[in-house]
Asker: 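Below you will find the structure I want to go over with you.
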Number of protein chains: 2
Amino acid sequence: MTAHDAPTWTERLRAAGLRVTSRRLAVLDALDAHPHASADEVYARTAQTVPSITKQAIYVSLGDFVEHGLIRRLDPPGSPARYETRTEDNHHHLICDECGAIVDVDCAVGEAPCLAPSHDAGFSVRVAEVTYRGTCPECLARADALVAQS
Amino acid sequence: MTAHDAPTWTERLRAAGLRVTSRRLAVLDALDAHPHASADEVYARTAQTVPSITKQAIYVSLGDFVEHGLIRRLDPPGSPARYETRTEDNHHHLICDECGAIVDVDCAVGEAPCLAPSHDAGFSVRVAEVTYRGTCPECLARADALVAQS
DNA sequence: GTAAGTGCAAAAACTTTGCATAAGT
DNA sequence: ACTTATGCAAAGTTTTTGCACTTAC
């Protein structure tokens with residue numbers, strides 16, 4: 001265990017030039033405990049430990065964190081934005097079209113070849129995000145059950 | 001030129017079991033003319049030819065089309081949903097983090113290897129969508145200009 | 001002490017829904 | 001004729017903003 005191991009949220013907030021407050025730490029801890037949470041879910045979780053917190057403060061905090069690269073924002077089709085603390089590795093997401101479940105997947109290819117679009121149209125590309133869409137095991141099972149009973 | 005060439009919107013609507021109305025055709029034509037348009041932009045365009053159209057009708061139409069696979073919906077981070085008529089090929093998108101510009105890119109790899117996540121967690125994966133995020137040429141130029149004048 | 005963060009409240013932005021009328025098949 | 005789509009209006013949900021007060025630095 002050296003000083004290079006996982007910096008704490010306090011350290012990362014300071015490094016980003018953001019002040020350290022109990023609300024912000026509560027938000028970040030809630031996201032660690034429940035990845036892919038929506039603003040509403042983060043609010044519900046943090047309200048248990050910090051009762052005075054408000055939903056607007058959550059939105060502001062999450063927005064600040066995204067802007068400073070402490071967390072990542074996901075925009076699933078047709079549902080509220082979700083947030084996650086895994087920002088360092090380039091991992092991707094499986095999303096269920098039925099129930100909206102989100103699961104992390106590591107990049108299929110070792111390095112980051114997805115980082116090279118065939119033609120970049122003059123863009124300076126920073127990241128490539130891959131979203132696999134389909135049906136999750138639970139929803140598959142439910143669909144099978146419906147067919148079987150018909 | 002055979003009967004297999006690009007089916008018209010009228011044919012595709014009928015094939016999907018949807019009725020053919022001037023409003024729907026206006027919406028689809030507007031999307032053809034202006035890919036990646038938001039509901040608001042589609043409304044502005046269609047209102048020029050069909051003045052009696054309303055924004056709600058646009059939302060309903062777009063929702064119906066997405067449900068029947070006639071168009072695709074994109075959910076860029078922090079901005080309203082956008083729609084496109086290119087559904088057959090698996091192409092991807094470049095998005096500018098500064099101005100929100102969206103540009104189509106063909107799949108980097110010939111086939112569809114992006115269709116295979118390293119571990120599918122039991123999902124039945126249907127499609128893989130790749131979003132390259134970065135800065136578009138215009139915003140890069142603007143940033144350079146700011147630096148130069150400082 | 002100063003700048004940044006927060007609670008509170010209000011509003012903006014985006015999208016969906018219900019019902020009577022009109023239009024497509 | 002029957003069913004589906006539309007206009008109109010209203011509401012729902014998610015997110016942003018303004019201002020006074022508090023807190024971290």
Side-chain angles (χ1 to χ4, degrees), chain A residues 8-31 36-44 46-47 49-68 70-83 100, chain B residues 8-31 36-44 46-47 49-68 70-83 100:
Chain A
T8 62
W9 283 126
T10 298
E11 291 166 345
R12 299 190 59 188
L13 282 169
R14 288 234 167 79
L18 295 173
R19 292 187 178 170
V20 179
T21 69
S22 54
R23 277 128 194 94
R24 284 182 165 171
L25 292 175
V27 168
L28 290 166
D29 285 344
L31 270 185
H36 312 138
S38 65
D40 233 22
E41 290 163 351
V42 171
Y43 171 64
T46 51
T49 51
V50 187
S52 65
I53 211 165
T54 64
K55 217 187 280 188
Q56 290 88 334
I58 303 286
Y59 277 107
V60 174
S61 293
L62 291 171
D64 289 345
F65 298 161
V66 170
E67 208 168 322
H68 288 82
L70 273 76
I71 64 175
R72 263 173 60 176
R73 170 185 172 144
L74 308 178
D75 293 85
S79 61
R82 298 177 166 274
Y83 302 86
Chain B
T8 62
W9 283 125
T10 299
E11 290 166 346
R12 299 189 60 187
L13 282 168
R14 289 233 167 78
L18 295 172
R19 292 188 176 169
V20 180
T21 69
S22 54
R23 276 128 194 92
R24 285 182 165 170
L25 292 175
V27 168
L28 291 167
D29 285 344
L31 270 185
H36 312 138
S38 65
D40 235 21
E41 290 163 350
V42 171
Y43 171 64
T46 51
T49 51
V50 187
S52 65
I53 211 165
T54 65
K55 218 188 278 188
Q56 290 86 334
I58 302 286
Y59 277 107
V60 174
S61 293
L62 290 171
D64 289 344
F65 298 161
V66 170
E67 208 168 322
H68 288 84
L70 272 76
I71 64 175
R72 262 174 60 177
R73 170 186 172 143
L74 309 179
D75 293 86
S79 62
R82 298 178 167 273
Y83 302 86

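Order of the sequence lines fixes the chain letters, A, B, ..., with proteins taken first and strands second; residue numbering starts at 1 for each chain. These values consider heavy atoms only, across backbone and side chains, with no hydrogens, waters or symmetry-generated copies.
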Asker: Between C/dA4 atom C1' and A/Arg23 atom CZ, what is the distance in whole Å?
Answerer: 14 Å
Asker: Are B/Leu13 and B/Thr21 packed together at the side-chain level, in the sense that at least one heavy-atom pair is separated by less than 4.5 angstrom?
Answerer: no
Asker: Counting just side-chain N and O atoms, does B/Ser52 come under 4.0 Å of either OP1 or OP2 of D/dT6?
Answerer: no
Asker: Please tell me which of A/Gly17 and B/Ala39 maps to the more 5' nucleotide of DNA chain C, matching each residue to the nucleotide holding its nearest heavy atom.
Answerer: A/Gly17
Asker: Does D/dA5 have its OP1 or OP2 closer than 4.0 Å to a side-chain nitrogen or oxygen of B/Arg24?
Answerer: yes
Asker: Round to a whole Å and report the spacing from OH of A/Tyr43 to P of C/dG7.
Answerer: 10 Å
Asker: Let me know the distance between CH2 of A/Trp9 and C1' of D/dA24, rounded to the nearest Å.
Answerer: 20 Å
Asker: Nearest whole angstrom, please: distance from the C1' of C/dC14 to the CG of A/Asp75.
Answerer: 13 Å
Asker: In the structure I gave you, are the side-chain heavy atoms of A/Leu31 and A/Phe65 within less than 4.5 Å of one another anywhere?
Answerer: no
Asker: Within the structure, does a side-chain N or O atom of A/Ser61 lie under 4.0 Å from either OP1 or OP2 of C/dT6?
Answerer: yes
Asker: Please give, in whole Å, the distance from D/dA5 P to B/Lys55 NZ?
Answerer: 23 Å
Asker: Measuring only between side-chain heavy atoms, which start at C-beta, is B/Leu28 closer than 4.5 Å to B/Ile71?
Answerer: yes
Asker: A side-chain contact here means heavy atoms from C-beta on lying under 4.5 Å apart; do A/Arg24 and A/Trp9 qualify?
Answerer: no
Asker: Rounded to 10°, tell me the angle between the two end axes of the helix from C/dG1-D/dC25 to C/dT25-D/dA1, each built from five pairs.
Answerer: 50°
Asker: Looking only at side-chain N and O atoms, does B/Tyr59 come under 4.0 Å of OP1 or OP2 in C/dT16?
Answerer: no
Asker: Can a donor-acceptor pair under 3.5 Å be found between the side-chain atoms of A/Arg19 and the base atoms of C/dA3?
Answerer: yes
Asker: Between D/dT16 atom C1' and A/Ile58 atom CD1, what is the distance in whole Å?
Answerer: 15 Å
Asker: With a cut-off of less than 4.0 Å, is there a side-chain N or O of B/Thr21 near OP1 or OP2 of D/dA5?
Answerer: no
Asker: Are B/Val42 and B/Tyr83 packed together at the side-chain level, in the sense that at least one heavy-atom pair is separated by less than 4.5 angstrom?
Answerer: no
Asker: What's the CZ-P distance between A/Phe65 and C/dG5, to the nearest Å?
Answerer: 9 Å
Asker: Can you tell me which nucleotide in D/dT15, C/dC14, C/dG7 comes closest to the side chain of B/Pro80?
Answerer: C/dC14
Asker: Check whether any side-chain heavy atom of A/Val20 lies under 4.5 Å from a side-chain heavy atom of A/Arg14, and answer yes or no.
Answerer: yes
Asker: How many Å lie between CD on A/Glu11 and P on D/dC25, as a whole number?
Answerer: 13 Å
Asker: Closest nucleotide of DNA chain C for B/Gln56 versus for B/Arg14: which of these residues is on the 5' side?
Answerer: B/Gln56
Asker: Is A/Arg82 reaching over with its side chain to a backbone N or O of A/Pro76, donor-acceptor style, under 3.5 angstrom?
Answerer: no
